[in-house]
Amino acid sequence: MKIVKISENKKQYLDLLLLADEQEDMIDRYLMRGDMFVLDDGGVVAECVVTREAEGVYEIKNIAVRPDAQRKGYGRALIEFVFDQYADLKTLLVGTGDSDWTLSFYQACGFTESHRVKNYMIDHYNQPIFENGKQLFDQVVLMRVKKD
């Protein structure tokens with residue numbers, strides 16, 4: 001298993017990006033300014049895009065694992081890699097829908113809820129977003145703080 005930074009042709013991973021963010025124009029808002037990492041384990045199985053939001057503050061804008069490779073530790077491996085990738089990182093943020101499955105994943109990775117953005121999914125996406133049969137409305141912003 002290896003994790004590689006992608007600097008060019010990031011859209012070649014659009015199929016993976018769309019697993020985590022269903023609307024291409026939303027991906028376009030952060031893809032070029034973000035650092036992209038792909039996890040290769042006999043082929044690319046996961047990707048992550050991270051942006052620098054402020055001094056010491058980074059945000060995971062997109063993280064996805066191929067459906068046939070989920071629940072094998074790849075998502076957690078990417079998060080741990082990102083957390084250690086930036087020497088000045090103090091806080092790592094991630095925004096996601098209000099889905100029990102997704103929230104439990106991030107909580108298991110050491111994130112806690114910071115705040116919620118009401119109706120984010122309705123205000124920013126053209127189509128309703130569903131996960132596990134539940135329509136998502138609010139964005140839940142989670143954070144993980146680096147301990148000294």
Side-chain angles (χ1 to χ4, degrees), residues 1-54 57-86 89 91-144 146:
M1 176 175 81
K2 67 180 179 177
I3 297 173
V4 179
K5 184 174 181 178
I6 304 298
S7 298
E8 297 180 2
N9 302 320
K10 295 176 183 178
K11 283 255 184 140
Q12 70 180 309
Y13 301 101
L14 187 60
D15 287 348
L16 268 175
L17 290 161
L18 287 168
L19 290 175
D21 199 340
E22 299 177 11
Q23 196 167 300
E24 189 172 350
D25 69 323
M26 293 295 283
I27 293 168
D28 290 339
R29 293 180 182 188
Y30 55 78
L31 188 59
M32 295 316 294
R33 73 179 182 97
D35 292 334
M36 177 181 238
F37 303 97
V38 297
L39 189 151
D40 188 308
D41 192 11
V44 173
V45 295
E47 64 74 27
C48 183
V49 178
V50 180
T51 58
R52 184 176 188 270
E53 298 299 317
V57 180
Y58 291 81
E59 183 173 353
I60 295 173
K61 292 291 193 178
N62 189 306
I63 184 168
V65 178
R66 277 191 349 227
D68 63 324
Q70 291 177 357
R71 300 198 175 271
K72 296 181 180 175
Y74 294 125
R76 182 183 295 268
L78 270 173
I79 287 173
E80 294 307 319
F81 174 85
V82 166
F83 205 71
D84 293 333
Q85 180 67 22
Y86 303 98
L89 186 146
T91 304
L92 183 59
L93 302 171
V94 63
T96 189
D98 187 8
S99 162
D100 293 338
W101 183 80
T102 305
L103 292 174
S104 65
F105 165 74
Y106 287 116
Q107 290 163 349
C109 291
F111 288 83
T112 57
E113 185 172 327
S114 168
H115 62 280
R116 292 176 181 240
V117 180
K118 190 160 181 62
N119 293 325
Y120 182 90
M121 303 302 178
I122 295 169
D123 294 341
H124 291 87
Y125 289 87
N126 296 334
Q127 301 292 323
I129 297 176
F130 291 87
E131 189 166 309
N132 294 328
K134 175 185 172 188
Q135 184 175 355
L136 306 181
F137 296 97
D138 300 340
Q139 180 187 53
V140 181
V141 179
L142 302 150
M143 63 183 222
R144 180 173 161 186
K146 187 175 270 187

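Side chains are part of it too, since the values below use all heavy atoms of this structure and drop only hydrogens, waters and symmetry mates.
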Is a donor on one side and an acceptor on the other found under 3.5 Å between the side chain of Asp138 and the backbone of Asn119?
-> yes

Flag side-chain contact, heavy atom, 4.5 Å: Gln85 against Tyr58 = no

Distance-only, no hydrogens or angles: does the Asp25 side chain make a donor-acceptor pair with backbone N or O of Ile27 under 3.5 Å?
-> no

Phe105 and Thr96, any side-chain heavy atoms less than 4.5 Å apart = no

Work out which heavy atom in Leu16 is nearest to a heavy atom in Ala64; give both atom names and the distance.
-> O-CB, 3.2 Å

With the side chain counted from C-beta on, respond yes when Ile63 and Tyr106 share a heavy-atom pair under 4.5 Å apart, and no when they do not.
-> yes

How long is the span from the CG atom in Leu39 to the CE atom in Met1, to the nearest 0.5 Å?
-> 5.5 Å

Please check if the side chain of Gln70 supplies one atom and the backbone of Val65 the other of a donor-acceptor pair under 3.5 Å.
-> yes

Please walk me through it: do Tyr125 and Leu136 pass side chain to side chain contact (heavy atoms under 4.5 Å, CB included)?
-> CA-CA 11 Å; Tyr125 289 87; Leu136 306 181; over 6 Å; no

Is Arg71 atom CZ crowded by more than 12 heavy atoms from other residues, nucleotides or ligands, each under 6.0 Å away?
-> no

Quick one: do Tyr86 and Asp35 satisfy side-chain hydrogen bond (donor to acceptor under 3.5 Å, both in side chains)? Show the steps, please.
-> CA-CA 11 Å; Tyr86 303 98; Asp35 292 334; 2.7 Å; yes

Might you point out which heavy atoms bring Ala77 and Ile3 nearest each other, and give the distance in Å?
-> O-CD1, 4.1 Å

Decide yes or no for Gln23 and Arg29: does some side-chain heavy atom of the first lie under 4.5 Å from some side-chain heavy atom of the second?
-> no

Of Met36, Glu22, Lys10, which meets side chain to side chain contact (heavy atoms under 4.5 Å, CB included) against Leu17?
-> Met36

Side chain to side chain, Met143 and Thr112, heavy atoms closer than 4.5 Å = yes

Where is the tightest heavy-atom contact between Val45 and Ala69, given as atom of each residue plus distance?
-> CB-CB, 4.0 Å

Trace of the side chain to side chain contact (heavy atoms under 4.5 Å, CB included) decision for Val141 with Tyr120 | CA-CA 11 Å; Val141 179; Tyr120 182 90; over 6 Å; no

Rounded to the nearest 0.5 Å, how far does CG of Leu31 lie from CG of Asn62?
-> 8.5 Å

Geometric cation-pi criterion Arg144 and Phe83, 6.0 Å radius, 45° cone = yes

Using distance only, find each side-chain donor-acceptor pair of residues 127-134 under 3.5 Å and give its atom names and separation, not counting sequence neighbours.
unit_1, atom_1, unit_2, atom_2, d
Glu131, OE2, Ser99, OG, 2.7
Glu131, OE2, Thr102, OG1, 2.5
Lys134, NZ, Asp98, O, 2.8

To the nearest 0.5 Å, what is the distance between NZ (Lys146) and CG (Leu89)?
-> 5.0 Å

Would you check, one step at a time, whether the test side chain to side chain contact (heavy atoms under 4.5 Å, CB included) holds for Leu92 with Phe111?
-> CA-CA 9 Å; Leu92 183 59; Phe111 288 83; 3.9 Å; yes

Derivation of the side chain to side chain contact (heavy atoms under 4.5 Å, CB included) call for Tyr74 and Arg66 = CA-CA 10 Å; Tyr74 294 125; Arg66 277 191 349 227; over 6 Å; no

Is it true that Lys11 and Asp28 make a salt bridge, defined as a side-chain N closer than 4.0 Å to a carboxylate O?
-> yes

Inspect the surroundings of CG in Asp100 and state if more than 12 heavy atoms from other residues, nucleotides or ligands are less than 6.0 Å away.
-> no

